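Being a predicted model, the structure only gives us computed values, none of them experimental.
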Amino acid sequence: MVKSFVFGVAVSLIAVFEGYDAVPTAEGVSNSIKRTVVYSALAILALDFVLTSFMFRGL
């Protein structure tokens, strides 16, 4: 539950920031969507590593 909440918040914040910063043209929106997908995938990978290391630190 913790991971899904953190991932959801991270992806939402990335999407909001990229959408807010997008140029209001078809090309600008397309580039913003591409950046959102790439940054979200990288953020999920990084956050998964960090959260997993914290969750299994006590074992």
Work out which heavy atom in [X] is nearest to a heavy atom in [Y]; give both atom names and the distance.
{"X": "Ile44", "Y": "Phe7", "answer": "O-CE2, 3.9 Å"}
{"X": "Ser12", "Y": "Gly8", "answer": "OG-O, 2.7 Å"}
{"X": "Gly19", "Y": "Ser32", "answer": "N-OG, 3.8 Å"}
{"X": "Val50", "Y": "Ser53", "answer": "O-OG, 2.7 Å"}
{"X": "Ile14", "Y": "Ser40", "answer": "CG2-OG, 3.9 Å"}

- Item | Note, Thr52 side chain near Lys3 side chain (heavy atom, < 4.5 Å) | yes
In terms of hydrophobic clustering (I, L, V, M, F, W, Y; side-chain heavy atoms under 4.5 Å; direct or indirect links), are [X] and [Y] co-clustered?
{"X": "Leu51", "Y": "Leu45", "result": "no"}
{"X": "Val11", "Y": "Val2", "result": "yes"}
{"X": "Met55", "Y": "Val6", "result": "yes"}

- Query: Which value, rounded to the nearest 0.5 Å, describes the distance between Asn31 atom CG and Thr25 atom OG1?
  - Reply: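 If we round to the nearest 0.5 Å, Asn31:CG and Thr25:OG1 are 8.0 Å apart.
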